[in-house]
2 protein chains.
Amino acid sequence: MTMPDRRTGSGFSTPARQENIRAHNLGLILQRIAADGGPVSRIDLARATGLARPTISRLVDDLLAGGLIAEVGPDRSRSAGRPPIGLTLSRTGPAGLGLDIRTGSLAACIVDFAGTVRHLEFAPRTHPVTSPEQTIDDLAAIAKDAIRLAEAQGLTIVGVTLATPGPVQDRTRVRFAPAIGWRDFDAGSRLRAALGSADMSVSVDNEAGLAALAEWHASDKELRNFVCLFGDFELGAGIVLDGELLRGARGWSGELGHVTVEPDGVACSCGAKGCLQGYAGLAAILAAVPDEEKRSGATSHRTPAVTIGVLADRSPEVRAALARAGTALGISLAALINLVDVDTVLLDGSYSLLATWLTEEIQAEIRDRVLTARWAPVEVRAAPIGPDAAVIGAALTVIEDVRRDPSTWITRTVS
Amino acid sequence: MTMPDRRTGSGFSTPARQENIRAHNLGLILQRIAADGGPVSRIDLARATGLARPTISRLVDDLLAGGLIAEVGPDRSRSAGRPPIGLTLSRTGPAGLGLDIRTGSLAACIVDFAGTVRHLEFAPRTHPVTSPEQTIDDLAAIAKDAIRLAEAQGLTIVGVTLATPGPVQDRTRVRFAPAIGWRDFDAGSRLRAALGSADMSVSVDNEAGLAALAEWHASDKELRNFVCLFGDFELGAGIVLDGELLRGARGWSGELGHVTVEPDGVACSCGAKGCLQGYAGLAAILAAVPDEEKRSGATSHRTPAVTIGVLADRSPEVRAALARAGTALGISLAALINLVDVDTVLLDGSYSLLATWLTEEIQAEIRDRVLTARWAPVEVRAAPIGPDAAVIGAALTVIEDVRRDPSTWITRTVS
DNA sequence: GTACATTAGTAATAGTCTGTAACAAAATAC
DNA sequence: GTATTTTGTTACAGACTATTACTAATGTAC
């Protein structure tokens, strides 16, 4: 019953021409090669996509010439007949660079076209409180190093994506990110200027959505509808429906941290009362840490999530705070599932480390509050990647763009 | 420039062939004609879509031959040159039949291919408490009458859609609809059997989503991201993102009525506590009607929403209940907007009649609780159609399917 | 009233896709 | 060593759109 088009923006979808059909099929083949882990033969592609063998051959030629895929030696371990030539995503073609700002450090990540993480690096933030501009400049310095490193490995960085904890407008302007002290800051433009080179796309995106993308890549692809809870002090959700990230009207979706749990609850930095953040944010949980533990120094030299994890074993107050957090999370997630109907909840970021103490309470609330839970139980589990998912996802978006529409990246082979 | 992707289905999109490009362009042209209210010329279409004039001519020929569009006499009121031939959606081609079950009545609606409501009819429900099977049989009887009526007007009903208040699985099975006493009832199969004729598609869908479709059709098409609140005793939301209805993993999205407002609030028919329904459902508001009003008979012979509207003027208790409902609605809608980012809220169904007493409170909560409300205010207003939106939307889905992919409905003109 | 300008729509042809069918290549099976 | 089997390619046909040139139908200038 869907109304017109998708992903066009300006109301109507574009006309279809001959070139479009080729572009579409190129993307189709590439997605197929990416989906199958191992090498795929041309005939496998023909069978999987439904395209004719000659068509596949011609398209594959273009992808090979464009350096997006590579042939691997014939596979001899078959029964009879000519052995198929394996095709895999190229490991020396375009690559993506992801950047992330955390409470204590900056992170950079390089992912090659095959989707493997080739480089993952952390740098301490220069000052405890840094200006947004200085932070971007520090990130740009790390980025330039990473780009040099990538080139040394035969990779070409075709785009940079910065993950931020807060809503981002037009893929460039960060509206409200109290965790890092940003407010109405055009991070994209600043980063673009600091990086200089014009042959790279630069974009800024919400960390939770990017993390969802990374977790989706890491999973078996049966995961098609899920929500990925991500964050530490600032809480967000990346919602994936039918294999596609939900972006919303202006790209401000997934602000789970500011969903109301108690209409007259604790005040939040956003100005409202009773936001989930105030019950399930790391700050709220840390507030329950007993004073003697704080004095004993158990909290130093560790990330907040690890600290909480260590203390949970010996402090009943911390366990109680985690239970409260789990219940609050469950209530908000139940609202989300009632509204958008996903079948899996991934606890990611700091929460992947705390999943042991949270899942039970979350599951209980979802079971009670989600209308359709009795017919289709919702799975709640720790995300496989964890805190690094946002940077990795940021790098992945870049190559994902190329994978979706390879036609703009390859020069046609003239027969 | 990703192409079609229509009928995506199981994970991967289908290969693009020559025939697809034609199908795509046929749909494109048809959507374009539907979007412009008045007659459109071939050259207008060429300019609007970007396709070449001869291409447009050929596609238009096929649409004319298929009876989906019609030519209207040349328009003489132009400046110079050959006058353009106007093209409009056919008013005698395929049509859709919508059915709806309300608390007091059954409804049927015929919409022609141009999208105009040609027939809208109500029948009282036979008994106060009817079995689901009997209700379907009653609906089938009305439907058959409507089909005959349509044929007399030169219309061909190509599909029937039933709107129901509750989550629907696979477009046929109603999972939980306490407002009409249904639970795990395969309404689609029963209706298909009762109607008999095999040349019609029969489907069942959630009323809120269908209402959203109808309101979207009725609006200027600038409305692209909105939520449509619909219902009376059972509350649902149709969420439209970028012109497309959000369906969710299994089609169970938009269950706003069961979003938690107070974690330990009033018990709900679903088994949970503190659902929105318990605060903003019509039953909750009606509970505040003073006893003397009930005895005075003010509540009889009117729909509940009208009753409330009448009483609101003279009863402070009712106004207080409406204010409470508005606040609860605002809290839940704020959660929805934080999660999926829409820019407009339409109060539909019974709530369109009560908008005067609700909008202010809803707006206040959204302003306070939606993180991004300060940069992009959310509009809250009464939906133009109101309670009939669900039936009309049900009929519209049918013709929307044809409009989206006309190629299956027309026989090619062989040159 | 006629020639001209102007705009709408239509043929004819070329270009670019994919599909079908026949063919070449490279292995196993006997 | 020949037949069989499976993979991949070449040659040609079919489908669809773009370009170019043409016809149709009106208003306008004189």
Side-chain angles (χ1 to χ4, degrees), chain A residues 14-29 39-65 69 71-87 407 410-415, chain B residues 1 3-4 13-29 39-65 69 71-87 406-407 410 412-415:
Chain A
T14 45
R17 292 169 231 262
Q18 305 289 75
E19 53 199 273
N20 296 60
I21 158 170
R22 184 178 195 83
H24 175 91
N25 286 338
L26 278 171
L28 185 68
I29 288 182
V40 186
S41 71
R42 288 168 174 79
I43 202 137
D44 287 338
L45 291 172
R47 274 195 276 261
T49 61
L51 290 163
R53 273 78 56 103
T55 308
I56 295 284
S57 277
R58 272 187 297 267
L59 295 171
V60 162
D61 285 345
D62 285 0
L63 292 174
L64 283 169
I69 62 174
E71 287 186 334
V72 298
D75 175 19
R76 311 228 158 183
S77 62
R78 294 266 181 133
S79 53
R82 174 175 173 174
I85 304 168
L87 300 168
S407 63
I410 61 182
T411 49
R412 283 292 304 282
T413 46
V414 207
S415 66
Chain B
M1 145 132 333
M3 228 205 17
S13 57
T14 45
R17 292 168 230 263
Q18 305 289 79
E19 54 199 270
N20 295 62
I21 158 170
R22 186 180 194 83
H24 175 93
N25 287 338
L26 278 171
L28 184 68
I29 289 182
V40 186
S41 71
R42 289 168 174 79
I43 203 141
D44 288 338
L45 291 173
R47 272 196 277 263
T49 61
L51 290 163
R53 273 83 57 102
T55 308
I56 295 285
S57 276
R58 269 188 300 270
L59 294 170
V60 162
D61 284 347
D62 285 1
L63 292 175
L64 282 168
I69 62 175
E71 285 186 333
V72 299
D75 174 20
R76 312 229 159 185
S77 63
R78 293 271 179 128
S79 53
R82 174 175 172 175
I85 305 167
L87 300 169
S407 62
I410 62 182
R412 285 291 306 282
T413 45
V414 208
S415 67

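Just so it is clear: chains get the letters A, B, ... in the order the sequence lines come, proteins before strands, and each one is counted from 1. Values below: every heavy atom of this structure, side chains too, minus hydrogens, waters and symmetry copies.
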Protein-nucleotide distance (B:Arg47, atom CZ; D:dA18, atom P), rounded to Å: 16 Å
Sugar-phosphate only, base, or nothing, as touched by A:Ile85 at under 4.0 Å among non-hydrogen atoms: sugar-phosphate
Side-chain heavy-atom pair B:Asn20, A:Ile21 within 4.5 angstrom cut-off: no
Euclidean distance, atom CZ of residue A:Arg53 to atom C1' of D:dA11 [Å, nearest integer]: 16 Å
Given D:dA18, D:dT10, C:dT18, the nucleotide with the shortest approach to the side chain of A:Pro54: D:dT10
A:Asn25 side-chain N/O to C:dC17 phosphate OP1/OP2 under 4.0 Å: no
N/O donor-acceptor pair under 3.5 Å between B:Asn25 side chain and A:Pro15 backbone: no
First of A:Ala52 and B:Ser57 reached from the 5' end of DNA chain C, by closest nucleotide: B:Ser57
Euclidean distance, atom CZ of residue B:Arg58 to atom C1' of C:dT13 [Å, nearest integer]: 11 Å
Spacing of B:Leu87 atom CG relative to C:dG9 atom C1', expressed in whole Å: 11 Å
Nearest-nucleotide comparison on DNA chain D, the residue closer to the 5′ end among A:Gly81 and A:Gln18: A:Gly81
Closest listed nucleotide, where the reference is the side chain of A:Arg22 and the choices are D:dC16, C:dC17, D:dT7: C:dC17
Minimal non-hydrogen separation, B:Arg53 against B:Ile43, with atom names: NH1-CD1, 3.9 Å
Between P of C:dG9 and CG of B:Leu64, the distance in whole Å: 11 Å
Atom-pair distance (CD1 on A:Ile56; P on C:dG19), nearest Å: 9 Å
Atom-pair distance (CZ on A:Arg17; C1' on D:dA18), nearest Å: 9 Å
B:Ile43 CD1 - C:dG9 C1' separation (whole Å): 8 Å
Shortest non-hydrogen contact from B:Ser41 toward B:Leu87: C-CD1, 4.5 Å
Donor-acceptor pair present, B:Arg82 side chain and C:dT7 base, under 3.5 Å: no
Chi angles and distances behind the side-chain contact (heavy atoms from CB on, under 4.5 Å) call for A:Leu28, A:Leu59: CA-CA 10 Å; A:Leu28 185 68; A:Leu59 295 171; over 6 Å; no
